[in-house]
Amino acid sequence: MRENGPVTSATRQPATPAAAVPPRLIATDLDGTLLRDDKSVSPRTVAALAAAEEAGIEVFFVTGRPARWMDVVSEHVHGHGLAICGNGAAVVDLHGGPGTHRFVKVRELARDNALDAVRLLRDAAPGTVYAVEQTYGFYQEPGYPKLHMETPDGLAPAEELLAPDAPGAGEPVLKILAFHPEMDPDGFLTLARLAIGERANVTRSSPSALLEISGPGVSKASTLALCCAERGISHEQVVAFGDMPNDVEMLTWAGQSYAMGNAHPDVIAAASGRTVANNDDGVAVVIERMLAERM
């Protein structure tokens, strides 16, 4: 989940890491990476993804978005139809199209852990407001800003939303969102990680002070590793793309990884290569070159 807006200046020429192992899977973030800032997938990128699949390379969309926001790419999922959503909290089959997706794997945030995270972060950063993302429902506190272009299913303090008798209590919690109206985004992330510790995984994908809090050990990287293991694919055979801190673990894990030209500095440091910005089709640039080198 990411608002539009540049983070760093674009890199005009991509740098390419050495490819010792032929790739079998491409893992790409969406917002700020595969998608242009207008949330479209360019014709060049559509063609590159299709060419990769035709060459026998699987493409996984790996995003912080919830499943219900995957309509932007649901027609581009090709054969397997799977996407990793919620920063690794869910593996979703998108074959049915918007509104009919099926959860293949759910790695939930236990409500006790979520309540601990809310309490600890309230103490560490007064003024923090919360929303709760579930498999199908979205709930928020009354003071939570309208960041997600949707109407919440309910309004209440986070402690009530996470209670055993809360509306939607039978649904798994995928993550909680924590917003602070004044703090520096990176400073807020560091503070939250220190305050919450091992009770949950904390990251961010927005330029604002909006954090995404998942179950312990749940990340894009860990869920991608599970999906790859099921397919007999090693991390050396994965090429990954990303632009924000929630991509860092995935880029570090993959055998080849690319930071977009518009990427956060932590992403640039984590990746083994760089490509041009999302608006310049940076993912397609690398895929085209990768396929040309296989010929």
Side-chain angles (χ1 to χ4, degrees), residues 1-3 7 29 63-66 85-90 106-134 138-148 152 154-164 166 168-169 172-223 242-253 264-267 269-270:
M1 300 162 59
R2 183 178 185 275
E3 301 159 12
V7 179
D29 173 52
T63 179
R65 285 179 174 235
C85 298
N87 291 327
V106 173
R107 305 181 69 196
E108 67 183 289
L109 170 62
R111 288 175 182 259
D112 286 346
N113 289 59
L115 285 166
D116 283 346
V118 167
R119 173 180 56 81
L120 292 165
L121 194 51
R122 280 204 202 281
D123 291 343
T128 301
V129 288
Y130 297 92
V132 178
E133 184 75 64
Q134 298 181 213
F138 178 77
Y139 303 86
Q140 67 181 56
E141 294 190 321
Y144 188 85
K146 189 172 178 61
L147 297 174
H148 310 298
L155 297 173
E159 291 81 357
E160 294 181 18
L161 296 175
L162 294 166
V173 174
L174 299 184
K175 64 181 178 179
I176 55 176
L177 299 150
F179 177 81
H180 199 283
E182 299 174 355
M183 291 194 67
D184 168 77
D186 285 329
F188 190 33
L189 176 59
T190 299
L191 177 67
R193 285 174 168 171
L194 290 171
I196 294 171
E198 296 182 356
R199 294 172 180 82
N201 187 57
V202 187
T203 190
R204 75 178 187 89
S205 60
S206 169
S208 64
L210 176 65
L211 305 182
E212 300 164 65
I213 303 172
S214 305
V218 175
S219 68
K220 290 185 175 185
S222 61
T223 301
D243 74 308
M244 288 296 281
N246 64 328
D247 297 312
V248 165
E249 294 96 334
M250 178 175 73
L251 298 179
T252 302
W253 178 81
H264 185 281
D266 289 352
V267 174

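Sequence positions, counted from 1, serve as the residue numbers for this chain.
- Among the candidates Asn113, Val106, Leu162, the single residue satisfying the side-chain contact (heavy atoms from CB on, under 4.5 Å) test with Val173 is Leu162.
- For Ala163 against Ala169, the heavy-atom pair with the smallest separation is O-CB, 4.2 Å.
- Sorted by first then second residue, the ring-ring contact (aromatic ring centres under 6.0 Å, His included) pairs that include residues 183-210, not counting sequence neighbours, are His180-Phe188.
- With Glu133 contributing its side chain and Pro66 its backbone, the two residues share no donor-acceptor pair below 3.5 Å.
- Annotation for Gly64 and Asn87: closest pair CA-OD1, 3.2 Å, computed over non-hydrogen atoms.
- Separating the CG atom in Asp266 from the OG1 atom in Thr252 is a distance of 10.0 Å, to the nearest 0.5 Å.
- Here the straight-line distance linking atom OG1 of Thr223 with atom CE of Met250 works out to 11.5 Å at 0.5 Å rounding.
- Shown here are the ring pair (Phe, Tyr, Trp, His ring centres under 6.0 Å) partners of Tyr130, two or more places apart in sequence or in another chain: there are none.
- For the pair Val248/Val267, a side-chain contact is recorded, criterion being any heavy-atom separation below 4.5 Å from C-beta on.
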Given the rule in the side chain to side chain contact (heavy atoms under 4.5 Å, CB included) test, do Gln140 and Leu155 qualify, once you have shown the distances and angles that lead to the verdict? CA-CA 5 Å; Gln140 67 181 56; Leu155 297 173; 3.4 Å; yes
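- Across all their heavy atoms, Gly242 and Asp247 have their closest contact at CA-OD2, 3.4 Å.
- In this view, Glu108 satisfies the side-chain hydrogen bond (donor to acceptor under 3.5 Å, both in side chains) rule with no residue, not counting sequence neighbours.
- The OG1 atom of Thr128 lies 10.0 Å from the CD atom of Glu182; values are rounded to the nearest 0.5 Å.
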I'd like a table of donor-acceptor pairs (distance under 3.5 Å, sequence neighbours excluded) in which one partner is a side-chain atom from residues 196-203, with atom names and distances.
unit_1	atom_1	unit_2	atom_2	d
Arg199	NH1	Ile196	O	3.4
Asn201	ND2	Val218	O	2.9
Thr203	OG1	Asn246	N	3.3

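- Side-chain contact check for Pro145 versus Val129: some heavy-atom pair is nearer than 4.5 Å.
- Note that CG of Asp243 is 10.0 Å distant from NE2 of His264, once rounded to the nearest 0.5 Å.
- Here Leu174 contributes atom CG and Phe138 contributes atom CZ; the two are 12.0 Å apart, rounded to the nearest 0.5 Å.
- No donor-acceptor contact under 3.5 angstrom links the side chains of Ser222 and Glu249, judged on distance only.
- In terms of heavy-atom proximity, Leu161 sits nearest to Ala156 at CD1-O, 3.4 Å.
- With sequence neighbours excluded, no residue forms a side-chain hydrogen bond (donor to acceptor under 3.5 Å, both in side chains) with Glu160.
- Val132 and Ile176 make their closest contact through CG2-CG2, 4.0 Å (heavy atoms, listed as atom of the first residue, atom of the second, distance).
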Would Leu211 and Leu177 count as a side chain to side chain contact (heavy atoms under 4.5 Å, CB included) if you check the C-alpha gap in whole Å, the side-chain angles of each, and the deciding distance to 0.1 Å? CA-CA 6 Å; Leu211 305 182; Leu177 299 150; over 6 Å; no
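- Minimum heavy-atom separation, Asp186 to Asp184: N-OD2, 3.2 Å.
- In this structure, the separation between CG on Leu189 and CG on Leu194 is 9.5 Å, given to the nearest 0.5 Å.
- Within the structure, ring-ring contact (aromatic ring centres under 6.0 Å, His included) pairs that include any residue of residues 194-217 do not occur (at least two apart or interchain).
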Tell me, with the steps shown, if Ser214 and Lys175 meet side chain to side chain contact (heavy atoms under 4.5 Å, CB included). CA-CA 5 Å; Ser214 305; Lys175 64 181 178 179; 3.9 Å; yes
